[in-house]
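Next up is a structure, given as structure tokens.
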Amino acid sequence: MKSSLDPKCTMGEPSTWRFNKAVHSAYVLGLPIPEDQVLVEYVYVAEDGYSLHSKCRKLNFVPSKPSDVPDWSYAANFPVEDRFLKPAVIYKDPFRQGNHKLVLCEVYANDWTPAPRNFRHNCQDTMEKQEVTSVTPWFGLEQEYSIIDVSNRPLGWPSSFMPQPNTPIHHDAVGMHKAFGRDLYEAHLFACLYAGLNISGGNAEACPGQWEFQVGPSEGLKASDDLWMARYILHRLSEEFGVAVSFHPKLIPGGAGACGGHVNFSTSPMRQEGGINHIKAAMPLLARTHKQFLPLCDAHGGADNVSRLMGFFCTASVEFKWGIEDRDATIRIPRQVALEGKGFLEDRRPAANFDPYLVTDALVRVVVLGHETLQNPYAEPRVVKLAVDLSKVKLDD
């Protein structure tokens, strides 16, 4: 039998390890802890732009706002680069409970410039512009996801093959033969409510093991902050349920359902009487930037989203089009919005693994600020900022 340290050794059967919830709770929730001894979990977006990482630090007081929590650091990549963690949003911790906190952090390079995948920094700058705050942009973000087992197969799919359904029989489904993973889905909703996120609902999605939750509507950055923390809570909960969560937009090849990240967007003129005219006025602005917007719709510069936009259960069109209650359109105007003559538009282009900061920033730049070009940060070369200047380090022969 090969050693696990052998570089040629490959993974065999999936691990049978399981999170021991009973023992965990006996210590984490059962032991008396002084109220001024607080564990803060620093949560941040990793270097790949879609994974979430976290690390824990003890404080001797109860923080009430992000500025109460000290900056921290971690080592990233190889060669090692310094990264600084700057607390941005504070939440209650649904896992440790009590006075313990989760803190969403921005990531900065060792010279305190935003790290390559710190899209929150620019998004905040955009949302704080006077032209933007004057129209009070709201966002409601829809997050579809797949629950997968230890064999990396979606829950509810047969073990010997991947059938291709021809109807979305699992959408809003109920029943043991149609809904798989509801325990995780329900636990996630309640954990988000406890944490203080503006979670607004959820439902079973089109395929077995596929679910959705929504955050918002919230102004400016809040919906994006809440979505990242909701993703973290979902990943963390999945450990306890012995499953994993995937935000890949096309987990199953073929015509089976895809996972999107639809963005509901409005400004105050859109929400007022006659707002439908402002919604329709946004369509030519969105059309002229459509091809520039698509590369911003997933964590790999648009590559993940291609198959999703072309599948049988696609949730948007590759070519720009808009319509009232058209669920194959790039931009959908909900039927109720058309009837009331005011409300919001739904952008159906983003994939499930989109970065909400990048997408909401782009929508505001196009619709509110009138930008005709959008920058694609995924296409920019990555500049390595080493923690140590290797040119000054003498290496032995």
List in chain and number order the residues that pass side chain to side chain contact (heavy atoms under 4.5 Å, CB included) with Ser51, two or more places apart in sequence or in another chain; answer none if no residue qualifies.
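Listed in chain order: Ala46, Asp48, His53.
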If hydrophobic clusters are built by linking Ile, Leu, Val, Met, Phe, Trp and Tyr wherever their side-chain heavy atoms come under 4.5 Å apart, do Tyr194 and Ile233 end up in the same one?
no
Let me check something: any side-chain donor-acceptor pairs from residues 273-287 under 3.5 Å, sequence neighbours excluded? List them with distances.
from: Glu273; atom 1: OE2; to: Lys342; atom 2: NZ; distance (Å): 2.8

Through direct or indirect side-chain contacts below 4.5 angstrom among Ile, Leu, Val, Met, Phe, Trp and Tyr, which residues connect to Leu29?
Val28
Give the intermediate values and the outcome of salt bridge (Lys or Arg N to Asp or Glu O under 4.0 Å) for residues Arg348 and Glu346.
CA-CA 6 Å; Arg348 299 173 67 80; Glu346 180 189 42; 2.9 Å; yes
Partner of Phe293 by side chain to side chain contact (heavy atoms under 4.5 Å, CB included), out of Val366, Asn376, Val359:
Val359
As an exercise, state the distance from CZ of Arg365 to NE2 of His371, rounded to the nearest 0.5 Å.
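One gets 6.0 Å once the value is rounded to the nearest 0.5 Å.
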Is Val337 reachable from Leu339 through a run of hydrophobic residues whose side-chain heavy atoms are each under 4.5 Å from the next?
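In one cluster: no.
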Just how far is it from atom OG of Ser200 to atom CG of Asp226, taken to the nearest 0.5 Å?
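If I round to the nearest 0.5 Å, the distance is 10.0 Å.
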Let me confirm one number: the CG-CG distance from Leu358 to Asn122, rounded to the nearest 0.5 Å.
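CG of Asn122 is found 9.0 Å from CG of Leu358.
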Who are the ring-ring contact (aromatic ring centres under 6.0 Å, His included) partners of Tyr378, not counting sequence neighbours?
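Partners of Tyr378 by the ring-ring contact (aromatic ring centres under 6.0 Å, His included) criterion, ordered by chain and then number, come out as Phe119.
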Just to verify, what does Ile33 make a side chain to side chain contact (heavy atoms under 4.5 Å, CB included) with, not counting sequence neighbours?
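Listed in chain order: Gln37.
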Tell me whether Glu35 at atom CD has more than 12 heavy atoms from other residues, nucleotides or ligands lying less than 6.0 Å away.
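Counting neighbours around CD of Glu35, 12 or fewer heavy atoms of other residues, nucleotides or ligands fall under 6.0 Å, so no.
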Those residues that, when tested against Tyr91, pass ring-ring contact (aromatic ring centres under 6.0 Å, His included) (two or more places apart)
none
Apart from Val23 itself, its cluster of hydrophobic side chains linked below 4.5 Å comprises Tyr27, Leu31
Residues sharing Val62's hydrophobic cluster, by side-chain heavy-atom contacts under 4.5 Å among ILVMFWY, directly or via others?
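Besides Val62, the cluster holds Val38, Val40, Tyr42, Tyr44, Leu59, Phe61, Val69, Trp72, Tyr74, Leu85, Ile90, Val103, Val107.
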Looking at Asp361 and Tyr357, would you say the former's side chain and the latter's main chain have a donor-acceptor pair under 3.5 Å?
no
What about His300 and Tyr50, are their ring centers closer than 6.0 Å?
yes
Of Val364, Thr133, Val368, which meets side chain to side chain contact (heavy atoms under 4.5 Å, CB included) against Met127?
Val364
Residues two or more places apart in sequence or in another chain: which of them pass side-chain hydrogen bond (donor to acceptor under 3.5 Å, both in side chains) with Glu240?
Arg236
Check which hydrophobic residues are tied to Trp112 through side-chain heavy-atom contacts below 4.5 Å, counting indirect links as well, and list them.
Phe84, Tyr108
Check: Phe241 ring centre within less than 6.0 Å of His188 ring centre
no
Once you round to the nearest 0.5 Å, how far does OG of Ser146 lie from CG of Leu155?
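These two atoms lie 9.5 Å from each other.
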In Å, rounded to the nearest 0.5 Å, how long is the span from NE2 of His248 to CG of Asp304?
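One finds 4.5 Å between NE2 of His248 and CG of Asp304.
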Walk me through it: do Glu41 and Lys101 pass the test salt bridge (Lys or Arg N to Asp or Glu O under 4.0 Å)?
CA-CA 6 Å; Glu41 196 74 19; Lys101 307 294 181 184; over 6 Å; no
Under 4.5 Å between any side-chain heavy atoms of Asp82 and Ser73, yes or no?
no
With sequence neighbours excluded, what pairs up with Arg117 under the salt bridge (Lys or Arg N to Asp or Glu O under 4.0 Å) test?
none
Can you measure from CG (Asn305) to CG (Asn353) and round to the nearest 0.5 angstrom?
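Going from CG on Asn305 over to CG on Asn353, the span is 8.0 Å.
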Transitively linked via ILVMFWY side-chain contacts under 4.5 Å: Trp138 with Leu141?
no
Taking Lys222 first and then Asp225, would you say they form a salt bridge - that is, a charged N and a carboxylate O separated by under 4.0 Å?
no
In terms of hydrophobic clusters joined by side-chain contacts under 4.5 Å, are Met229 and Phe190 together?
no
Salt bridge (Lys or Arg N to Asp or Glu O under 4.0 Å) between Asp125 and Lys129, worked out
CA-CA 7 Å; Asp125 285 348; Lys129 292 182 182 297; over 6 Å; no
With sequence neighbours excluded, what pairs up with Asp93 under the side-chain hydrogen bond (donor to acceptor under 3.5 Å, both in side chains) test?
none
